[in-house]
Visitor: 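Here you go, one structure.
Chain letters run A, B, ... following the sequence lines, proteins first and then strands; every chain starts at 1.
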Number of protein chains: 2
Amino acid sequence: MARPRGFDEETAVHRATDVFWRKGFHATSTRDLGEALELNPSSLYRTFGDKRRLFLRTLDHYRATESSDGCQRFRNANPTMDGLTDAVAAVALGSDAQAPDPAGCFVVNTAAEMGGTDPDIARRTETAFDLTRAGLADLLTRMRDSGEIPVEADPHKLTDLLFTLILGWRLRARAGHAPRDIRSSIEHAIGLLG
Amino acid sequence: MARPRGFDEETAVHRATDVFWRKGFHATSTRDLGEALELNPSSLYRTFGDKRRLFLRTLDHYRATESSDGCQRFRNANPTMDGLTDAVAAVALGSDAQAPDPAGCFVVNTAAEMGGTDPDIARRTETAFDLTRAGLADLLTRMRDSGEIPVEADPHKLTDLLFTLILGWRLRARAGHAPRDIRSSIEHAIGLLG
DNA sequence: CTCGTTCGGGAGCGATCGCTCCCGAACGAG
DNA sequence: CTCGTTCGGGAGCGATCGCTCCCGAACGAG
């Protein structure tokens with residue numbers, strides 16, 4: 001009953017994710033959001049509650065798309081050094097490494113901007129981190145089982161190491177480091193581990 | 001000539017650094033700064049110009065204190081695995097690892113919040129990064145020369161690897177990961193490299 | 001059709017933002 | 001001392017912030 005909406009809620013969340021991703025929470029105004037989502041204030045607030053709740057929605061949306069894609073990329077990767085390198089590069093640099101996208105990783109940006117003070121935000125960033133770690137652990141375990149890395153290697157320690165490295169590469173991407181430099185940094189790092 | 005200032009400019013910059021460090025640029029208001037620096041608006045603006053210029057001053061101050069201290073810690077460290085571990089832990093976790101300080105690293109926070117769009121800020125974050133890399137390269141070269149790591153190891157590649165790891169650990173500290181967990185992550189990582 | 005409800009649109013709320021201006025007071029120079 | 005300049009203090013500027021309210025229009029249910 002009643003008049004149906006003239007917009008798609010998921011599309012709006014997707015657009016809001018882009019804005020928060022690029023500008024961060026505090027630098028994004030509700031007018032920025034209204035413009036990007038093509039929504040007037042009344043529709044925006046009736047649908048999403050307030051700015052913070054919309055931000056939490058975008059974190060959930062990011063996890064369900066970008067973070068899950070990254071996790072799947074590890075699970076689908078060949079259990080070889082080259083497969084690991086390509087998967088890590090894809091995750092660290094974003095899906096299309098060509099685009100001059102200085103957005104980095106939404107979760108990394110959010111963790112740095114908001115710290116661990118807001119429990120709802122901290123829980124979501126940690127969930128996204130868990131996805132990355134789970135994908136890495138899967139790939140590294142398969143590599144060990146297929147003899148690509150030594151049997152005595154501890155996949156959990158390697159996962160923690162590569163996870164921390166990925167955070168660093170994502171931050172470097174956000175800071176404007178050239179994708180070429182990051183790519184070669186990734187290749188050198190994985191070469192050192194092999 | 002004329003009336004002298006009733007406050008110390010360097011002390012004010014130091015206090016401003018703390019505020020920006022914890023809250024970030026956009027979440028810090030000029031009234032926050034006035035309160036923390038014990039300065040009224042007229043004194044604040046006459047002395048520092050505007051919010052952005054004061055922010056640049058705090059980045060310079062951070063480099064001259066925290067970043068330089070971190071660099072020196074590497075240069076003064078014993079060229080052993082234990083020396084490396086302790087120095088990395090000190091830099092990644094901050095000077096006093098005891099305090100529950102969720103501030104992380106000011107440079108990492110700033111790079112994530114502001115991206116690489118503002119040239120003045122990007123140049124300063126890169127300079128701070130250079131200090132960390134220089135200290136690391138010095139220690140790793142000394143470790144190679146003293147036979148602590150293989151002669152065929154490339155200090156530049158190792159420097160890049162550990163630098164990226166440190167960014168990751170700093171971000172994890174900001175995100176609220178327990179110092180104990182980060183410390184053991186550091187020990188495991190350096191153990192894997194040795 | 002009528003009726004109830006949610007819609008899109010827009011004006012505009014009070015609060016806070018970064019910052020400016022004006023003032024008398026407090027110095028140093030001479 | 002006088003005089004010139006910068007000081008500390010505070011009111012308050014215009015702009016923007018997050019958000020609310022009110023409206024007629026547009027539907028679905030019956």
Visitor: A/R5 CZ to C/dT5 P: how many Å, rounded?
Guide: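 It is 17 Å, rounded to the nearest whole Å.
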Visitor: With respect to the side chain of B/S42, which nucleotide from D/dT5, C/dC21, D/dC7 is positioned closest?
Guide: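 Comparing D/dT5, C/dC21, D/dC7 against the side chain of B/S42, the answer is C/dC21.
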Visitor: For a quick test of your reading: what N or O donor-acceptor pairs under 3.5 Å do the side chains of residues 77-85 of chain B make, sequence neighbours left out?
Guide:
from	atom 1	to	atom 2	distance (Å)
B/T80	OG1	B/G83	N	3.0
B/T85	OG1	B/M81	O	2.8

Visitor: Over all strands shown, is B/P41 touching base, sugar-phosphate only, or nothing at heavy-atom distances under 4.0 angstrom?
Guide: base
Visitor: So, under a plain 3.5 Å distance rule, would you say the side chain of A/R31 forms a donor-acceptor pair with the base of D/dG18?
Guide: yes
Visitor: Please state how far atom CG in A/N40 lies from atom C1' in D/dG18, giving the value in whole angstrom units.
Guide: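 Atom CG in A/N40 sits about 15 Å away from atom C1' in D/dG18.
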Visitor: For residues 149-171 of chain B, which residue pairs pass the salt bridge (charged side-chain N to carboxylate O under 4.0 Å, His left out) check, not counting sequence neighbours?
Guide: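 The answer is A/R172-B/D160.
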Visitor: Please determine whether a side-chain nitrogen or oxygen atom of A/S43 lies at a distance below 4.0 Å from atom OP1 or OP2 of C/dG8.
Guide: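 For C/dG8, OP1 or OP2 has a side-chain N or O of A/S43 closer than 4.0 Å.
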Visitor: Measure CG/A/L39 against P/D/dC19 and give the value in whole Å, please.
Guide: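 Those two atoms, CG and P, are 15 Å apart.
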Visitor: Less than 4.5 Å apart, any side-chain heavy atom of A/I166 and any of A/L136?
Guide: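 SC-SC contact between A/I166 and A/L136 confirmed.
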Visitor: Carefully, step by step, assess B/R183 and B/D86 under the rule salt bridge (charged side-chain N to carboxylate O under 4.0 Å, His left out).
Guide: CA-CA 9 Å; B/R183 171 84 197 192; B/D86 286 342; 2.9 Å; yes
Visitor: My validator wants the stems of DNA chain C: runs of 3 or more consecutive Watson-Crick or G-U pairs, both distances under 3.5 Å, written as range with range.
Guide: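 For DNA chain C the paired stretches long enough to count as stems (3 pairs minimum) are C:1-30 with D:1-30.
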Visitor: Count the heavy atoms of every other residue, nucleotide or ligand shown that sit under 6.0 Å from NE2 of A/H61, and state whether that count exceeds 12.
Guide: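 Count over threshold, so yes.
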Visitor: Nearest of C/dG8, C/dT20, D/dG18 to any side-chain atom of A/T30?
Guide: D/dG18
Visitor: Can you list every pair that meets salt bridge (charged side-chain N to carboxylate O under 4.0 Å, His left out) and has a residue in residues 108-134 of chain A, with sequence neighbours left out?
Guide: A/R52-A/D118, A/R52-A/D120, A/D60-A/R124, A/D120-A/R123, A/E126-A/R133, A/D130-A/R133
Visitor: For B/P4 and B/T28, find the nucleotide of DNA chain C closest to each by heavy atoms; which residue's nucleotide sits nearer the 5' end?
Guide: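 Whichever sits nearer the 5' end wins; that is B/T28.
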Visitor: Can you find a side chain N or O atom of B/S29 that sits less than 4.0 Å from OP1 or OP2 on C/dC17?
Guide: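 Yes, such a contact exists.
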Visitor: Between A/D32 (CG) and D/dC19 (C1'), how many Å, whole number?
Guide: 15 Å
Visitor: For DNA chain D, which residues in residues 45-62 of chain B have a heavy atom at a distance below 4.0 Å?
Guide: B/R46
Visitor: Does the ring centre of A/F106 sit less than 6.0 Å away from the ring centre of A/F20?
Guide: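 No.
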Visitor: Check the angle between the aromatic planes of A/H177 and B/F129 and answer parallel, tilted or perpendicular using the 30° and 60° thresholds.
Guide: perpendicular
Visitor: When only distance counts, do a donor and an acceptor, one from the side chain of A/R3 and one from the base of D/dG28, lie under 3.5 Å apart?
Guide: no
Visitor: Pair up each side-chain donor or acceptor in residues 34-44 of chain B with any protein partner under 3.5 Å, not counting sequence neighbours, and list the distances.
Guide:
from	atom 1	to	atom 2	distance (Å)
B/N40	OD1	B/S42	OG	2.9
B/N40	OD1	B/S43	N	3.0
B/N40	OD1	B/S43	OG	3.0

Visitor: Figure out the NZ/C1' separation between A/K23 and D/dC17, and round it to whole Å.
Guide: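 Distance check: A/K23 NZ to D/dC17 C1' gives 13 Å.
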Visitor: Please give, in whole Å, the distance from C/dG18 P to A/H26 NE2?
Guide: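 Result: 12 Å.
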Visitor: Using whole Å, report how far CG of B/L37 lies from C1' of C/dC19.
Guide: 16 Å
Visitor: If we only count heavy atoms from C-beta on, is the B/F25 to B/I121 side-chain gap below 4.5 Å?
Guide: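 Not touching, per the 4.5 Å side-chain cut-off.
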